[in-house]
Number of protein chains: 2
Amino acid sequence: MPAKRDPSGAGGRRVTIADVARKAGVSRATVSRVLNGQDTVDPVLAGRVRQVSRRLGYHPSAIAQGLARGASHTIGVVVPDLANPFFPEVVKALTVAAGKDGFSVVVADSDEDPEAELRLIQDVSRRVDGLVLCSPRAGIADLRRVVRKGLPTVCTNRMVDPPLTASVMIDSGRGMQAVIRHLTELGHRRIAYLAGPSSSSSNADRLGALERSLPGAVVIPTGSKSQEGYASAAAAAEAGATAVICFNDLVAFGALARLRALGVAVPGEMSVVGFDDIPAADFVHPALTTVRLPKAELGRRSWEVLRDQLGDHGAGASVRLEPTLVVRESTGKAIGVTEDAVAIGERAGG
Amino acid sequence: MPAKRDPSGAGGRRVTIADVARKAGVSRATVSRVLNGQDTVDPVLAGRVRQVSRRLGYHPSAIAQGLARGASHTIGVVVPDLANPFFPEVVKALTVAAGKDGFSVVVADSDEDPEAELRLIQDVSRRVDGLVLCSPRAGIADLRRVVRKGLPTVCTNRMVDPPLTASVMIDSGRGMQAVIRHLTELGHRRIAYLAGPSSSSSNADRLGALERSLPGAVVIPTGSKSQEGYASAAAAAEAGATAVICFNDLVAFGALARLRALGVAVPGEMSVVGFDDIPAADFVHPALTTVRLPKAELGRRSWEVLRDQLGDHGAGASVRLEPTLVVRESTGKAIGVTEDAVAIGERAGG
DNA sequence: TTGAAAGCGCTAACAC
DNA sequence: GTGTTAGCGCTTTCAA
C-alpha cells in the first residue's frame, strides 16, 4: 500500500479541515467560516458542517491557525520559580485576565537560572504574540540582547533603563521603608536583612531602601528559599539583631524554624518580617508580619499593559504598584535590646 | 487602513527566513539547513548566513516550523492549581526531563474547576504533540469525550477505566494505610479525615483506604486549601478525634493554626498528618508529619511514559509510584484517649 | 452564499 | 552542496 494512511478515521492521522469539508460536501472555506462563527453561511450547510465536524472529532490545529492568521493569540510568561507561591498567584491572575480577551498563556520556569532564563525567553518568543518577564534575573545587557525587537513585552519588578519594554513594578523600596518604620517604632535598633538572590532587582531595591534608611543594618546574603532562611537565621541572632527582615515569606519560614530550634522567642526576643504575603504566611506560628505585594493586580495590570502594545501602541506604559505592610504576630516590642546585645552587634558588624 | 497585516502591532514586520536568504544571497533552504545544524553546507555560505541572521535578529517562527515539521515539539500539562506547591514541583521535574529531549512544556491551570479543565484540555490539545493531565478533576465521561483520540496523553493520579491513556499513579491508598498504622500504633482510636475536593481521585483513594482500614473514622468534607483546613479543624476536635488526617499539607497548615487558636496542643492533644510533603511542611511548627509523594519522580516518569507514546503510537504504560510516610513532630501518643472522649466520639459518629 | 486560489513561514524531497 | 518545488492546515481575499 502507498504511504497514504487510512483516511476513514481509524488510523492515527490527524483529522483536518479537508476531511470535514469532504464529508460534508462543502469547501474548506465554508467549514472554516462555520467554525469561526461567521453568519454568512446557509444554516443547513452550517448544521451539516457542525455535525460532521463533531462526528469526526475535528479540532482545528492552533498551529496552522496561528500561521494563517499571523498571530497565535498566545502570550508567554517566564518566571524565576513556580515553586515560590508568589509567582503562581501572578500567573493565575494574568491568565484569567488574558483569557477574558481570548488569549492563552504559556508559562516557563527558569529555576532562578539567568542562563536558562535567556534561553527560555528566546524559545518562548518564537511562539507567542507577546511576552511577560516576571522579575527577570538575567543581566540588563543580556536581556536587551535577547528580547526580540518588535515583540510586545512587559517586564515586571525590574527597571530596565532606558526602557526596552513596558513595565509593571511594585515599589519594593516603599515596602522596606514601611517595615523599617514599623520596626523602629517598636524600638528595634539592630536590624538584620536576609538578602535575596543578588540577581533579583526587588532585592536590590529593598537593599537600597534599607541602606538609605538604616545605614547600620546587618545584611546577610541568603536566597529565596526556606532552606536558606533556616541557614542564615543563626547569623542574624549572633549579630545581635532584635529583628530580622527576610527577602520573602519562604525565607522567613526558614528563619522562624531556625530561631525556634535556637530557643529564640519570636517575637519576644526577635521580630521577623517577610515579603510577599503568600497564603501560608497567615497560618504559620507566629503568624507572619509581612509586606503584602499585590500579586493578582500585578498579573492583571501586566496583561493590560501588554494588551495595549498588542493592539497598536508601540509605546508601553509604566505602572507602579504599592505594597502594604500586614502586621501579624511575628513582630513585637524590642524588649531584648540590652547593652550586651548591642555590644555583640557592634563587634559582629565590624 | 490595514494595507498589510501586522500582528505584532509594535511596528516592524517580522524578520523571516526569506529576508535572511535574500540578504545572504542564498536560498531559503540553505538558510534552513544552516540554522538547523546540517553540515552539508559550504562553510563560507554557512558563516554568511549565520552572520546575516544575527545581524537581522532573525528568529525562526516556531509556529511555522511546527506546521512544516508536523510536530511542535511541545507538550502541554494541565494542573488543577499551580498555587498548590505540589504541582509546581511535578511540573518542574517534567519540564526538565522533557527539555533534555528537546521538548518544551506549556502549563495550564484549571483552578480546580472541572469545566475550565475540559476547556483547557481541548484548547491545549490543539497546539501540542502530547498531553499530561495532572490529577484531572473532570468526570471520566467528560474526560473521555474531550481527550483527542490519537493525541498521546498521560494521566496522573487518576484511574480511568478502561484506560483511555497511559497513567502514572501514586498509590494514595498505601499512603493512607501507612498513616493509619502509624496513628493506631500511637494509640489513636478516634481519627478524623479532612477530605479533599470530591472531584479529586486521590481523595477518593484515600477515603477508600480509610474506610476499609478504619470504618469508624470521621470524615469531614474540607477542600485543598489552608483556609478550608482552618475552617474544618474545629469539627474534628468537636468530634472527639485525637488525630486528624488532612487531604494535603496546605489543609494541615490551616488545621494546625485553628487547633492552636482553639488551645488544642499538637501533638499533645491532637496529632495532625498531611499529604504531599511540600517544602514548607518541614518548617512549620510543629513540623508536619506527612505522606511524601514522589513529586519529582511523578514528573519525570510522566514524561518518559509520554515520550514512549510520542515515538510509536503504542498503548502507553501504566506506572505506579509509592509514597512514604515522613514522621516529624505533629504526631504523638494518644494520651488524650479517655472514656469521655470516646463517648463523645461514639455519639458524634452515630 | 459559496468555492477557488493564494498565501502564512518554514522544511524536506528531489533535482541539478 | 545548493536551489526548486511542494506542501504542512488553516484563513482570507476575490470571483462567481
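Each chain gets a letter, A, B and so on, in the order its sequence line appears, and its residues count up from 1.
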- Query: In whole Å, what is the span from the CD1 atom of I17(B) to the P atom of dT2(D)?
  - Reply: 15 Å
- Message: How many whole angstroms separate atom CD of Q38(A) from atom C1' of dT12(D)?
- Response: 9 Å
Side-chain atoms of residues 26-38 of chain B: list all donor-acceptor pairs with protein atoms under 3.5 Å, sequence neighbours left out, distances to 0.1 Å.
from: S27(B); atom 1: OG; to: A29(B); atom 2: N; distance (Å): 3.4
from: S27(B); atom 1: OG; to: T30(B); atom 2: N; distance (Å): 3.3
from: S27(B); atom 1: OG; to: T30(B); atom 2: OG1; distance (Å): 3.4
from: S32(B); atom 1: OG; to: N36(B); atom 2: ND2; distance (Å): 3.3
from: N36(B); atom 1: OD1; to: R69(B); atom 2: NH2; distance (Å): 3.1
from: N36(B); atom 1: ND2; to: S32(B); atom 2: O; distance (Å): 3.0

- Supply the atom-to-atom distance L131(A) CG to I75(A) CD1, rounded to the nearest 0.5 angstrom. 8.5 Å
- Rounded off to whole Å, could you give me the CG-to-P distance for the N36(A) and dT11(D) pair? 5 Å
- Query: L67(A) CG to dT11(C) P: how many Å, rounded?
  - Reply: 11 Å
- Message: Check this for me: does any side-chain nitrogen of one of K92(A) and D81(B) sit under 4.0 Å from a carboxylate oxygen of the other?
- Response: yes
- Nearest-nucleotide pick for A68(B), side chain only, options being dG7(D), dT4(D), dT2(C): dG7(D)
- Message: Rounded to whole Å, please give me the gap between CG in L35(B) and P in dC10(C).
- Response: 10 Å
- Task: Give the ring-plane orientation class for F103(B) versus H73(B), where under 30° counts as parallel, over 60° as perpendicular and anything between as tilted.
- Result: parallel
- Message: dT11(D), OP1 or OP2 - any side-chain N/O from S32(A) closer than 4.0 Å?
- Response: yes
- Query: Can a salt bridge be assigned to the pair E297(A) and R300(A) using a cut-off of 4.0 Å between side-chain N and carboxylate O?
  - Reply: no
- Verify the contact: side-chain N or O of S27(B) to OP1 or OP2 of dG3(D), cut-off strictly under 4.0 Å; return yes or no. yes
- Answer with yes or no whether R33(B) presents, from its side chain, a donor or acceptor under 3.5 Å of a partner atom in the base of dG3(D). yes
- Whole-Å gap separating C1' (dC8(C)) and CD (Q65(B)): 14 Å
- Query: Between V105(A) and L94(A), what is the shortest heavy-atom contact and its length?
  - Reply: CG2-O, 4.4 Å
- More 5' along DNA chain D: R69(B) or G25(B), using each one's nearest nucleotide? G25(B)
- Message: I need the residues from residues 41-63 of chain A with at least one non-hydrogen atom less than 4.0 Å from DNA chain C; give them sorted by number, or say none.
- Response: V41(A), D42(A), L45(A)
- Task: Would you kindly give the CZ-to-C1' distance between R28(B) and dT4(D), to the nearest whole Å?
- Result: 9 Å
- Query: Around Q122(B), counting heavy atoms of other residues, nucleotides and ligands shown, do more than 12 lie under 6.0 Å from its CD?
  - Reply: yes
- Under 4.0 Å between a side-chain N/O of T30(B) and OP1 or OP2 of dT2(D), yes or no? no
- Query: Rounded to the Å, how far apart are R13(A) CZ and dG9(D) C1'?
  - Reply: 11 Å
